J.: 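I have a structure I would like to understand better, so I am pasting it below and will then ask my questions one at a time.
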2 protein chains.
Amino acid sequence: MTTIKDIARVAGVSVTTVSRALNGYSDVSKQTRQRILDVAKELNYSPNTVARSLVMKKSKTIGLLVSNMNREGVKDNFTFEILCGLNQASADAEYDLVLFSTTSSKQREKTYTQLCRERRVDGVIIQGIKTDDPYLEEVLQSDIPCVLIDIPIESNTVGYVTTDNVRGAKIAVLHLIEQGHKNIGLINGHSKADVSTRRLQGYVEALEENNLRLKTGWIKNGQFAEHLAEAAALELLTEHPELTAIFCASDLMALGAMKAVGKLGKRVPEDVAIIGYDDILLASYVSPTLSTIRQDKYRLGYEAAMLLINMLENQLESKAKIIDTELIIRESTKKATK
Amino acid sequence: MTTIKDIARVAGVSVTTVSRALNGYSDVSKQTRQRILDVAKELNYSPNTVARSLVMKKSKTIGLLVSNMNREGVKDNFTFEILCGLNQASADAEYDLVLFSTTSSKQREKTYTQLCRERRVDGVIIQGIKTDDPYLEEVLQSDIPCVLIDIPIESNTVGYVTTDNVRGAKIAVLHLIEQGHKNIGLINGHSKADVSTRRLQGYVEALEENNLRLKTGWIKNGQFAEHLAEAAALELLTEHPELTAIFCASDLMALGAMKAVGKLGKRVPEDVAIIGYDDILLASYVSPTLSTIRQDKYRLGYEAAMLLINMLENQLESKAKIIDTELIIRESTKKATK
DNA sequence: GTGAAAGCGCTAACAT
DNA sequence: ATGTTAGCGCTTTCAC
């Protein structure tokens with residue numbers, strides 16, 4: 001493996017000059033630089049980024065702490081789309097992405113800080129973590145630059161990227177109201193997700209603004225899981241036959257709710273209208289197609305990486321980014337024919 | 001940031017001893033080791049893997065060269081499932097995964113070898129590369145250990161993981177034949193994919209063994225893309241109305257074919273039976289549900305990482321792994337009622 | 001059982 | 001414009 005030392009020897013200069021030439025410093029004579037470049041190419045030289053990282057104390061790598069990278073997580077491409085965005089943005093800025101595996105049981109032996117410091121990543125992006133995760137506390141205490149996805153916490157070294165979940169949920173429910181629904185149920189995620197808290201808020205606001213009844217019995221949690229949401233919808237519709245619409249805080253859960261409606265011998269949207277959240281691929285394929293609030297997951301990832309890189313390279317003022325969502329109207333909320 | 005030097009100073013020993021103690025070498029007295037461990041904990045020490053990599057010439061990281069990590073690739077979770085498997089396996093073996101971004105335009109400026117050597121990855125896993133990709137040639141010439149997914153090439157430093165695509169395709173077509181079909185079309189991927197070549201072979205074998213007619217006009221390529229497959233199916237069914245079934249070399253293409261059947265005013269499976277390949281999530285959600293050949297993508301990834309790690313740590317004999325596939329019968333190939 | 005010293009490949013003062 | 005030197009944090013002979 002060729003090193004700059006080899007180049008120096010062959011080119012008849014010192015390693016310093018080689019380093020300077022290769023890194024494009026100005027204080028190298030034109031002919032020397034050319035000679036060095038030629039030799040480097042001739043010897044098929046590749047710089048050793050490890051050695052460089054050691055001395056520079058920067059690795060040009062970003063650590064990724066994502067949940068759902070296990071066998072079970074395969075069902076939604078939510079994480080993957082974010083990953084794609086992250087990947088593209090870091091590629092553009094010439095950063096490498098390293099996946100920290102939080103899946104393994106061993107993993108929890110190490111603290112967040114240990115994890116990051118060992119790998120010498122310049123910064124970290126975290127997605128899919130619950131709000132009561134002990135790591136979160138550490139993130140705030142640590143001095144490692146970090147961007148959180150969908151957890152709006154800001155500090156000196158921590159920023160975040162998310163969508164306006166209150167508004168998204170509100171728009172979803174307003175759409176249902178517009179379709180003539182007055183008794184609207186909610187199947188939410190769980191209390192340890194910030195998005196759930198906010199989507200609940202949006203739901204409440206939409207109802208209140210329209211002077212509609214709001215019963216706690218109409219709200220259940222489905223943990224973002226399809227089958228749990230199915231069970232929740234079953235209960236909801238059995239216990240509260242007055243419900244004519246359900247807002248689900250994720251498309252996967254909406255799918256579960258649709259199944260529940262079917263099992264009760266009812267139809268979507270004629271008997272019960274369903275609207276989801278996310279706009280996953282499945283939403284436009286299921287029958288009836290699912291109305292939903294589209295989140296641009298790719299962009300979520302892209303912006304997260306951009307933000308982090310900006311934090312690393314410039315002293316950034318704003319460390320938060322809110323991304324738009326969009327109402328997608330499909331068949332599952334078609335107005336009931338009176 | 002604490003270093004072993006700090007520990008050495010506080011514990012009153014040399015850095016050598018600290019290194020030995022921390023790495024669990026036997027030739028350190030019990031009390032010295034304990035003292036060092038205590039000091040390390042007290043100083044909140046994390047080892048610097050960069051420094052270690054530099055001297056050890058091993059990084060305990062695996063490079064990932066995956067295609068489809070861009071905005072367009074988001075549609076199928078195929079890559080993601082593989083990623084999950086890779087992630088789990090490397091986590092288990094305490095390797096880190098670093099994503100090489102082949103998406104960026106800059107990327108192609110660097111050769112494969114440069115890419116890998118710069119990052120000092122111990123090995124590489126490649127997925128989604130076409131058989132005429134220039135990188136592939138380099139992989140074989142390079143001495144960097146590498147595992148290919150779905151490209152059966154083996155060398156001293158190169159292994160692969162794949163499924164038996166001939167057999168998978170054959171089983172799919174045999175299933176159609178069993179359902180009474182005699183005129184069976186094929187929508188394949190493209191000629192630069194090894195899996196396509198093999199699935200074609202399986203198709204041919206199945207027909208020949210049953211003395212069924214085989215017309216080149218019945219075969220088209222859909223480039224693994226849904227809309228191209230839809231167009232291909234449209235042509236196929238228009239030009240060859242005798243076809244009563246189509247085998248598609250991917251589920252996404254099968255979805256396109258199903259749309260085409262619909263557009264022609266025909267029904268699946270009554271008029272045209274469709275069988276796909278992969279068993280993506282959508283397959284069990286579309287209507288009618290899609291029969292297919294299931295590939296365990298997670299396992300594909302898991303085994304690829306395991307294989308590579310084995311190649312890195314032991315001198316491995318076998319560098320190939322073939323994973324089973326499975327016929328999944330759903331509605332899209334239900335026997336036509338006579 | 002422990003330490004001194006060398007060196008992994010690179011960058012960065014500080015000379016000259 | 002170029003070279004000398006030191007050092008990043010760690011592992012590893014080789015001595016004692």
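Because the structure is a prediction, the values reported are computed rather than measured.
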J.: If you check the B:D27 side chain, which of D:dT12, D:dT2, C:dG1 turns out closest?
T.: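 Taking heavy atoms from C-beta onward, the closest nucleotide is C:dG1.
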J.: Report yes if at least one side-chain N or O of A:Y25 is closer than 4.0 Å to OP1 or OP2 of C:dA13; otherwise report no.
T.: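 It does not, given that no N or O in the side chain of A:Y25 lies less than 4.0 Å from OP1 or OP2 of C:dA13.
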J.: B:R20 has a side chain; which of D:dG9, C:dG3, D:dC10 sits nearest to it?
T.: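 In terms of side-chain proximity for B:R20, the closest of D:dG9, C:dG3, D:dC10 is C:dG3.
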J.: State plainly whether the residues A:K319 and A:E154 are in salt-bridge range, i.e. N to O under 4.0 Å.
T.: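 Salt bridge flag = no for A:E154 with A:K319.
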J.: With the side chain of A:K57 defined as its heavy atoms from C-beta on, choose the nearest nucleotide among D:dC8, C:dT2, C:dC10.
T.: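 Ranking D:dC8, C:dT2, C:dC10 by closest atom to the A:K57 side chain puts D:dC8 first.
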J.: Do the side chains of A:R9 and A:D6 get close enough for a salt bridge, i.e. N-O under 4.0 angstrom?
T.: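 Looking at A:R9 and A:D6, the cut-off is met.
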J.: Starting at atom CE of A:M56, determine the distance to atom C1' of D:dA6, rounded to an integer number of angstrom.
T.: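 Roughly 17 Å, once rounded to whole Å.
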J.: Using a distance-only test with no angle check, is there a side-chain donor-acceptor pair under 3.5 angstrom linking B:T16 and B:S19?
T.: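 There is no such pair (donor and acceptor under 3.5 Å, judged by atom type) between the side chains of B:T16 and B:S19.
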J.: In this structure, how many angstroms lie between the C1' atom of C:dG9 and the CZ atom of B:R52, rounded?
T.: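 Whole-Å distance recorded here is 18 Å.
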J.: Return the value, rounded to whole Å, for the distance between atom CG of A:L54 and atom P of C:dC8.
T.: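 To the nearest whole Å, that distance equals 13 Å.
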J.: Grab the CG-P distance between A:N48 and C:dC8 for me, whole Å please.
T.: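 The answer, rounded to whole Å, is 12 Å.
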J.: Would you kindly give the CG-to-P distance between B:L22 and D:dT11, to the nearest whole Å?
T.: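 After rounding, the reported distance stands at 8 Å.
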J.: Could you work out which one of C:dC8, D:dT2, C:dT11 sits closest to the side chain of A:V28?
T.: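 Looking only at heavy atoms from C-beta outward on A:V28, the closest nucleotide is D:dT2.
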J.: Nearest whole angstrom, please: distance from the C1' of C:dT11 to the CD1 of A:I7.
T.: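 My rounded result for the distance is 15 Å.
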J.: Rounded to whole Å, please give me the gap between CD in B:E118 and P in C:dC10.
T.: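 My rounded result for the distance is 11 Å.
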J.: On DNA chain C, does the nearest nucleotide to B:V13 precede the nearest nucleotide to A:S46 from the 5' side, or the other way round? Give the residue.
T.: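 The residue mapped nearer the 5' terminus is B:V13.
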J.: If you assign A:V15 and A:S26 each to the DNA chain D nucleotide with the nearest heavy atom, which residue ends up on the more 5' nucleotide?
T.: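 Mapping each residue to its closest nucleotide by heavy atoms, the 5'-most match is A:S26.
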J.: Side-chain N or O of A:S29 less than 4.0 angstrom from OP1 or OP2 on D:dT2?
T.: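 True: A:S29 side-chain N/O within range (under 4.0 Å) of D:dT2 OP1/OP2.
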J.: B:S14 side chain: which of D:dC10, C:dA4, D:dG3 is closest?
T.: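 Minimum distance to the B:S14 side chain belongs to C:dA4.
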J.: Using only modelled atom types and a 3.5 angstrom limit, is any donor from either the side chain of A:T16 or the base of C:dA12 paired with an acceptor on the other?
T.: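 Indeed, a donor on one side and an acceptor on the other fall under 3.5 Å apart.
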J.: Using whole Å, what does the distance between atom C1' of nucleotide C:dA12 and atom CG of A:N23 come to?
T.: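 In whole Å, C:dA12 C1' and A:N23 CG are 11 Å from each other.
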J.: How would you label the contact of B:V50 with the nucleic acid (heavy atoms, under 4.0 Å): base, sugar-phosphate, or nothing?
T.: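 The answer is nothing, as B:V50 stays clear of every strand by at least 4.0 Å.
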J.: Can a salt bridge be assigned to the pair B:R119 and A:D96 using a cut-off of 4.0 Å between side-chain N and carboxylate O?
T.: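 Here B:R119 pairs with A:D96 in a salt bridge, since their nearest N and O are under 4.0 Å apart.
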J.: Check every atom of C:dG9, C:dG1, C:dT11 against the side chain of B:T32 and return the nucleotide holding the closest atom.
T.: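 Output: C:dG1.
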J.: Is any side-chain heavy atom of A:C146 closer than 4.5 Å to one of A:T157?
T.: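 SC-SC contact between A:T157 and A:C146 ruled out.
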